[in-house]
There are 2 protein chains.
Amino acid sequence: MSAEEKMEITILKVATRLFLEKGFKATSTTEIAKEAGCNQALVHYYYRTKDKLFDAIFEKKIKVFIGSLLQIGHEDLPFEEKLKKKIESHFDAIKEDPRLPLFFFGEINSNPKRMESIREIIGDLPQMVLVQMQKELDEEISKGNVRPMTVYDLLLSIVSLNIIVFLAEPMFKTITKISDEEFSKLRERRKKENVEIILRSLKP
Amino acid sequence: MSAEEKMEITILKVATRLFLEKGFKATSTTEIAKEAGCNQALVHYYYRTKDKLFDAIFEKKIKVFIGSLLQIGHEDLPFEEKLKKKIESHFDAIKEDPRLPLFFFGEINSNPKRMESIREIIGDLPQMVLVQMQKELDEEISKGNVRPMTVYDLLLSIVSLNIIVFLAEPMFKTITKISDEEFSKLRERRKKENVEIILRSLKP
DNA sequence: GCATTATTTAATAGACTTATTAAATAAAGT
DNA sequence: ACTTTATTTAATAAGTCTATTAAATAATGC
């Protein structure tokens, strides 16, 4: 097991996939071991408990999700362009991992304490996102380019519009009987549409 | 147990609360029985299996959720007013039962077959919502009052904006440390804001 | 009152869960 | 080559879960 991938890593990858797909409760360490190709005890040997294994994964993913809203290296662009980039990078981060939204909202709901303990680990990240956007937004409002609005409202709208197409995919496909191909088109259209909706919503 | 509420009903109520709170997998018939104040076997006596009990509840709730988008008795109102009523009635239906969105998206994701079998039971309801809105929308587009847009896009936007505040409540409160009172205000503001965002998004 | 039916319980089968143990094998260090 | 350390497994404890059984109690019909 040295030419091959280290089993410790394989376990983590399999666990990531399964936790994201089915959530904490519905995934067993037995199943993780089976898919990784090892004994169930090995999962506990490397990660001690199912909880610790999960937390490591959860932490990594929430950083990706929140961090995608913190656009860097575009300070010189005009407000609308910066915002467009934020929305699109957030959308792309979710597209990379379409189960992310349900994963977070589901796991935080079923175990609010988890979020508390993760809060300390992710640190300033959420604050940075809020402060950065707050600053940019307030400036535009004072210039009269944007109608008065809180940063919370703006963020909620962005996240909301960006997650829906991924969140609703199974329900949507069942109801509309739309093909996978058609759905892909719709998803790509939504990315542009979301930017359009947000920009329109800001006009004074 | 006849002056009191019938145990069959109590079980259903408790099960509804627990399934909505924690989902199918995380809720045991043992727990339902305990909270209802009866023996675990009685849950199976009345509802045979955990699955059947769940399906009965799921079906009821999805009808409420989808049905709230089918506004009736306002055919004479102008388009924007009808749309406003739809958005608000959908928002209110969720407010009545804030765990509804996570419940659906979570359960459908973790068991897509469930949705398939429920599809037959709920019947035309989703089609009615789609057709009704399609008709109203196309009319406005042909009159030039609304920019070209599919009914899917409109519906996705509405549902998305309406669910986010309920879906994100635990995450949002942890990150922002906002008080319950402040959050209530924000939630009420969102209801108006959502109507505003949607109407702006339709302008030609 | 007695028989029939409905409601409820205790007990348990059988499967699955996480986590720990001790033992086996492989790798590395000297 | 021998010891120490890391990796892996089998076995199992202790608990949970759903579903079924047979037996007990309560309600109803006649």
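Quick note: numbers below take in every heavy atom, side chains included, and nothing from hydrogens, waters or symmetry partners. Order of the sequence lines sets the chain letters (A, B, ...), proteins ahead of strands, with each chain counted from 1.
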His44(B) atom NE2 is separated from dA19(D) atom P, nearest whole Å, by 5 Å

Look for any protein N or O under 3.5 Å of an N or O in nucleotides 11-17 of chain C and output each such pair with its distance, or none.
residue : atom : partner  : partner atom : Å
dT17(C) : OP1  : Ser28(A) : OG           : 3.3

Which of Glu80(B), Glu81(B), Glu136(B) passes salt bridge (Lys or Arg N to Asp or Glu O under 4.0 Å) with Lys86(B)? Answer is Glu136(B)

Of the listed dA19(D), dA19(C), dT9(C), the closest approach to the Thr49(B) side chain comes from dA19(D)

Rounded to whole Å, CZ of Phe24(B) lies from P of dC17(D) at a distance of 13 Å

Separation of dT18(C) atom C1' from Leu42(A) atom CG, nearest Å, is 15 Å

Where the side chain of Arg114(A) meets the backbone of Asn109(A), is there a donor-acceptor pair that is under 3.5 Å apart?
-> no

Separation of dA19(C) atom C1' from Ile11(A) atom CD1, nearest Å, is 15 Å

- Verify the contact: side-chain N or O of Tyr46(B) to OP1 or OP2 of dT8(C), cut-off strictly under 4.0 Å; return yes or no. yes

### Message
Using ring centroids (six-membered ring only for Trp), state whether Phe19(A) and Phe103(A) fall under 6.0 Å.
### Response
no

To the nearest angstrom, the NZ-P distance between Lys6(B) and dA6(C) comes to 13 Å

**Study point:** Aromatic centroids of Phe91(B) and Phe166(B) separated by under 6.0 Å
**Key:** yes

Whole-Å distance, Lys34(A) NZ to dT18(C) C1', equals 17 Å

task = Give a yes or no answer on whether the side chain of Lys185(A) reaches the backbone of Asp180(A) with a donor-acceptor pair at less than 3.5 Å.
result = no

Rounded to whole Å, the CZ-P distance (Arg48(B) to dA19(D)) equals 8 Å

Quiz prompt | Heavy-atom neighbours of Lys85(A) NZ exceed 12 at 6.0 Å | solution = no

**Prompt:** OP1 or OP2 of dT8(C) less than 4.0 angstrom from a side-chain nitrogen or oxygen of Tyr45(B), does that happen here?
**Reply:** no

Review point. After noting the C-alpha distance and the side-chain angles of Lys192(A) and Glu196(A), does the key distance pass the salt bridge (charged side-chain N to carboxylate O under 4.0 Å, His left out) rule?
Key: CA-CA 6 Å; Lys192(A) 288 180 193 161; Glu196(A) 178 71 25; over 6 Å; no

Atom CD of Glu8(B) and atom C1' of dT8(C) are separated, to the nearest Å, by 13 Å

